[in-house]
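Reviewing the structure listed below.
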Amino acid sequence: MRRTFTYMERDLRRWIRGRINVITSLIMPAAWLIFVGLALPIRFTDNYLDFITPGILVLTMLGASLQGGALLMFDKILGFLQKFLAMPAPRESILFGKILAITLRGLMQTTVILIFAIILGADLLHPVFLVQTYLILFIFGVLLSSVMTTVALGLDDHDSYAAFNSMIAMPLFFTSSALMPYDQMPGWLAFLAHLNPVSYAIDAIRDLQVGIIPLTTIGGLLIGAACVLSLSVYVFRRATI
């Protein structure tokens, strides 16, 4: 476990030192809050900022997770991964450290966005439910970062990873329940949104907004994260033999 935290700390330090990366990772979610949450004339709710904020929080975690696989990709390209594998620490600690660093990075970003939403006037969760909100974001982050580290293991260069990232980022967000409720969507879009794991994380946070603890959704996300993490460990072991 100590080795896992060592690898996690290394990646977090490297990210924090890149101040431009930290700032730019917050620009898009903040822009969504301002230009979409405050500007669009929406009729299905009186306070669209409250409605869209859970979607922006999950979008922020989604962006952090999708970009996070690049950490492993660069370590492969620059040769650091091979050096880490030569160390006596368990190999899986490298992977767990990456996934934990990506997820914690996303939680830091969502905290900033959450504070920004409150400043803009969002009427959000009771403090008691904030713990569950962070739990949902953490599980969702583990799920997505496990997927993206697995993808990074299977690709040979950063351009391929960036292309894959671009291909799935916007479809995942726009086919979710982030921007509108299911009953306001066309039938085909509502069908896709119900299949999208991003929607489950968003809907769970919205349930917490109205005082409902979504145990079934949290359990489903947890099972999904455990399954994907197990697959990621398997692929990592095969790739590093």
Side-chain angles (χ1 to χ4, degrees), residues 15 21-40 42 44-45 47-70 99 102-122 124-125 130 132-148 151 162 164-182 184-185 189-190 192-209 214 217-218 221 224-225 228:
W15 176 67
N21 292 332
V22 176
I23 295 172
T24 55
S25 65
L26 297 172
I27 289 177
M28 186 176 70
W32 274 98
L33 281 175
I34 296 172
F35 297 111
V36 178
L38 295 179
L40 284 185
I42 300 299
F44 61 81
T45 179
N47 193 333
Y48 190 53
L49 183 62
D50 285 358
F51 179 86
I52 200 176
T53 295
I56 301 303
L57 292 177
V58 175
L59 169 66
T60 305
M61 181 60 77
L62 173 67
S65 300
L66 293 179
Q67 295 171 9
I99 292 172
I102 296 167
T103 305
L104 291 180
R105 187 174 82 177
L107 290 177
M108 293 178 193
Q109 294 173 235
T110 56
T111 299
V112 175
I113 296 301
L114 183 62
I115 294 171
F116 192 51
I118 294 172
I119 292 173
L120 289 176
L124 293 175
L125 301 171
L130 280 177
Q132 287 93 330
T133 299
Y134 277 99
L135 175 62
I136 292 168
L137 291 171
F138 179 82
I139 296 172
F140 180 73
V142 170
L143 192 158
L144 261 294
S145 56
S146 297
V147 171
M148 296 312 295
V151 170
F164 180 85
N165 191 334
S166 300
M167 181 182 69
I168 68 170
M170 286 298 101
L172 277 175
F173 182 67
F174 283 109
T175 60
S176 71
S177 59
L179 300 179
M180 65 184 73
Y182 299 108
Q184 298 291 319
M185 300 179 187
L189 183 57
L192 293 176
H194 279 101
L195 298 178
N196 191 339
V198 177
S199 296
Y200 289 95
I202 295 170
D203 294 344
I205 296 175
R206 287 193 179 130
D207 285 342
L208 289 173
Q209 280 183 305
T217 305
I218 293 175
L221 288 172
V228 175

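Fair warning: this is a prediction, and the values are worked out from it, not measured in the lab.
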Could you measure the distance from the CG atom of Leu49 to the CD1 atom of Ile52? Nearest 0.5 Å is fine. 8.0 Å
Tell me, do Thr53 and Leu120 make a side-chain contact under 4.5 Å, heavy atoms counted? no
For residues Leu66 and Asn165, report the shortest heavy-atom separation together with the two atoms involved. O-ND2, 3.0 Å
From Leu57 CG over to Gln109 CD, what is the distance, rounded to the nearest 0.5 angstrom? 11.5 Å
Step by step, work out the side chain to side chain contact (heavy atoms under 4.5 Å, CB included) result for Ile56 and Ile113. CA-CA 8 Å; Ile56 301 303; Ile113 296 301; 3.8 Å; yes
Nearest-0.5 Å distance, CD1 of residue Ile102 to CE of residue Met148: 9.0 Å
Interatomic spacing from CG in Asp207 to CD1 in Ile202 - rounded to 0.5 Å: 12.0 Å
Looking at Pro214 and Ala204, what are the two nearest heavy atoms and their distance? CG-O, 3.5 Å
Taking all heavy atoms of Thr175 and all of Leu189, pick out the closest pair and write down the distance. CA-CD1, 3.9 Å
Ile118 side, atom CD1; Leu114 side, atom CG - distance, nearest 0.5 Å: 4.5 Å
If you look at every heavy atom in Ala190 and Tyr182, which pair is closest and at what distance? CB-O, 4.0 Å
d(Ser199 OG, Arg206 CZ) to nearest 0.5 Å is 8.5 Å
Would you please say whether a donor-acceptor pair under 3.5 Å links the side chains of Ser176 and Asn196? no
Tell me every residue that passes side chain to side chain contact (heavy atoms under 4.5 Å, CB included) with Phe174, counting only those two or more places apart in sequence or in another chain. Trp32, Met170, Leu179
Looking only at heavy atoms, what is the nearest atom pair of Pro54 and Gln209, with distance? CG-OE1, 3.5 Å
Return yes if a side-chain donor-acceptor contact under 3.5 Å exists between Thr110 and Tyr134, otherwise no. no
So, Tyr200 side chain and His194 main chain: donor-acceptor pair closer than 3.5 Å or not? yes
List the atom of Gly55, the atom of Phe173, and the distance in Å for their closest heavy-atom pair. O-CE1, 3.9 Å
Student check: side-chain heavy atoms of Leu104 and Leu107 closer than 4.5 Å: yes
N/O donor to acceptor pairs below 3.5 angstrom from side-chain atoms of residues 135-146, sequence neighbours left out:
from   : atom 1 : to     : atom 2 : distance (Å)
Ser145 : OG     : Gly141 : O      : 2.6
Ser145 : OG     : Val142 : O      : 3.3
Ser146 : OG     : Val142 : O      : 2.6

